[in-house]
Amino acid sequence: MAQPKMKFNCSKCGAETDAEVTTERYKKQLCRPCFGKRKDNRTNQLNDLTGTEWARHSKSIEAYPDIRTPNQKEHGACFPKALARHQIEIYTKAGEVVLDPFMGVGTTMLAAHELGRRSLGIELNPRFAQMCREEIAAHGIQAQLWEDDADHMCAHIPNGTVDFILTSPPYANLLKTIKGDFAYKWREHSIIDPIKNPAPYSADEHDIGNMDYAQGIHAIASIMTKCFAVQKLNSYAVWVVKDFRDLKRKLPYINFHGDVIRCAEAAGYALWDIRIFDQTNFRPLVCLGYPSRNYYLNIGHSYILVFKKLR
């Protein structure tokens, strides 16, 4: 129940004002400008952000500059470094350990280094692993990486030692089954450039990108249990994923983010937040399904899934 407001003259500047009788401002008989904002002396337990920065980082929909390095372009499916920096700033403090179990060409590692965090990475593809080694060496980054299956991470990383996980997993055999040029029927009517999907990552049978969808989800579920094991209590994990379609197999919508959430919860994580990664500014709209009765949305966003280890 709101307390009654009382009028009074400010003891500092004399201006007439009012305040609820139970407030500190009323007790000190100060107007709002003279009372000012008190300094927040509470300890930030999670990160190095100020209160203002904490609020500014908390939008549930975010767009990131799509600026890609030559290595990222060659990989073809990297999230922007701005996205990596944003997540690392939110969920870690300087000096803490960041792991990317699907390291790719090292975007997470570079962002972690720029922010003064220590980084670990695992990558199955020898070419990408070597590209990452060369990149971190060129930047003088002290980081640990292993050319291995992410499912073997517990052989490299002790349990309960990782402060934060940021990653984006392969999408099963998506790259081999989805036609990359969505605008091919409309070239003669459109100035839209064709969109090319990245090439498959490798020929390794342990590469999730070479598995069918069910096998890929099973592999992700196994890797989630290992991620849960190596993380510290009360730490966060962020997985960046995108839903897709497999029209060749008559599957109009693959709820990939929902399946990743189920894998995480089965491993012991709590689903903590979902942020929408808005990519519409960098993806031209194309006409899908016209003129049939099959109307498809352009999937112009990814999901930034936030999980927390609570037990």
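Heads up: numbering here begins at 1 and tracks the sequence.
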Lys59 vs Glu62, salt bridge (Lys or Arg N to Asp or Glu O under 4.0 Å): CA-CA, chis, key distance, verdict: CA-CA 6 Å; Lys59 291 185 291 184; Glu62 189 70 68; 3.7 Å; yes
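By the 4.5 Å side-chain criterion applied to Ile, Leu, Val, Met, Phe, Trp and Tyr, Met6 is assigned to a cluster that also includes Phe8, Val21, Tyr26.
Of the N and O atoms on the side chains of Asp246 and Tyr213, not one donor lies less than 3.5 Å from an acceptor on the other residue. Between the side chains of His257 and Asp243, at least one donor N or O sits under 3.5 Å from an acceptor N or O. Looking only at atom types and distance, the side chain of Tyr91 has no donor-acceptor partner in the side chain of Asn47 under 3.5 Å away.
If you take CG on Leu145 and CD on Glu135, they are separated by 12.0 Å, rounding to the nearest 0.5 Å. Of the inter-residue distances, the one linking Ser235 atom OG with Ile165 atom CD1 reads 7.0 Å to the nearest 0.5 angstrom. Atom OH of Tyr295 sits about 11.5 Å away from atom OH of Tyr290, to the nearest 0.5 Å. Considering CD1 of Ile223 and CG of Asp149, their distance stands at 6.0 Å, rounded to 0.5 Å. Annotation: the span from Met103 atom CE to Cys78 atom SG amounts to 11.0 Å, rounded to 0.5 Å. With values rounded to the nearest 0.5 angstrom, Ile261 atom CD1 is found 9.0 Å from Met224 atom CE.
The two residues Met109 and Gly121 have their closest heavy-atom pair at CE-N, 3.2 Å. Smallest separation of non-hydrogen atoms from Leu99 and Pro101: O-CD, 3.8 Å. Of all heavy-atom pairs spanning Pro252 and Leu247, the tightest one is CA-CD2, 3.8 Å. Residues Cys13 and Cys31 come closest through the heavy atom pair SG-SG, 3.7 Å. Across all their heavy atoms, Gly104 and Cys132 have their closest contact at O-CB, 4.2 Å. When all heavy atoms of His113 and His139 are compared, the closest pair comes out as NE2-O, 4.0 Å.
A side-chain donor-acceptor contact under 3.5 Å links Arg25 to the backbone of Asp18. Between the Gln279 side chain and the Ser302 main chain, a donor and an acceptor come within less than 3.5 Å of each other. The backbone N or O of Val98 sits nowhere less than 3.5 Å from a side-chain atom of Arg118 that would complete a donor-acceptor pair. In this structure, the side chain of Gln87 does not engage the main chain of Leu166 through any donor-acceptor pair within 3.5 Å. With hydrogens and angles ignored, the 3.5 Å screen pairs a side-chain donor or acceptor of Ser11 with a backbone N or O of Lys28. Here the side chain of Thr43 pairs no donor or acceptor atom with the backbone of Gln45 at under 3.5 angstrom. Checking side-chain atoms of Ser168 against main-chain N and O of Val240 turns up a donor-acceptor pair under 3.5 Å. Side-chain atoms of Asn125 come within 3.5 Å of backbone atoms of Phe128 as a donor-acceptor pair (strictly under, hydrogens ignored). A donor-acceptor pair under 3.5 Å links the side-chain atoms of Asn9 to the main chain of Gly14, judged by distance alone.
The residues Arg85 and Glu114 are annotated as salt-bridged, a charged nitrogen and a carboxylate oxygen being separated by less than 4.0 angstrom. Salt bridge annotation for Glu265-Arg262: absent, with no cationic side-chain nitrogen under 4.0 angstrom from a carboxylate oxygen.
None of Leu251, Ile254, Ile299 except one satisfies the side chain to side chain contact (heavy atoms under 4.5 Å, CB included) rule with Arg245; the exception is Ile299.
The closest side-chain heavy-atom distance from Asn298 to Arg283 is not below 4.5 Å. Between Leu120 and Asp100, every side-chain heavy-atom pair lies at or beyond the 4.5 Å cut-off. Annotation: side chain of Ile304 is in contact with side chain of Leu83 (closest heavy-atom distance under 4.5 Å). The side-chain heavy atoms of Lys309 and Phe228, taken from C-beta on, include a pair separated by under 4.5 Å. In this structure the side chain of Trp239 never reaches within 4.5 angstrom of the side chain of Tyr303, judged on heavy atoms. Here the side chains of Lys81 and Thr107 are in contact, with some heavy-atom distance below 4.5 Å. Contact annotation: the side chain of Thr92 never approaches that of Asp48 to less than 4.5 Å [non-hydrogen atoms, C-beta and beyond]. Residues Val306 and Ile274 have side chains not in contact (no heavy-atom distance under 4.5 Å, counting atoms from C-beta outward).
Other residues, nucleotides and ligands contribute more than 12 heavy atoms inside 6.0 Å of the NE2 atom of His57.
Between Phe277 and Tyr64, a ring centre-to-centre spacing shorter than 6.0 Å is recorded.
Criterion: ILVMFWY side-chain heavy atoms under 4.5 Å apart, direct or through other members. Under it, Leu233 and Val238 are not part of a common hydrophobic cluster. The cluster map of Ile, Leu, Val, Met, Phe, Trp and Tyr, joined by side-chain heavy atoms under 4.5 Å apart, puts Phe79 and Phe282 in different clusters.
Among residue pairs with one or both ends in residues 151-166, those qualifying as salt bridge (Lys or Arg N to Asp or Glu O under 4.0 Å) are Asp151-Lys226, Asp163-Lys232; sequence neighbours excluded.
Every salt bridge (Lys or Arg N to Asp or Glu O under 4.0 Å) that Glu147 has, sequence neighbours left out, goes to Arg133.
Geometrically, Lys308 does not engage Tyr269 in a cation-pi contact defined by less than 6.0 Å to the ring centre and at most 45° from the axis.
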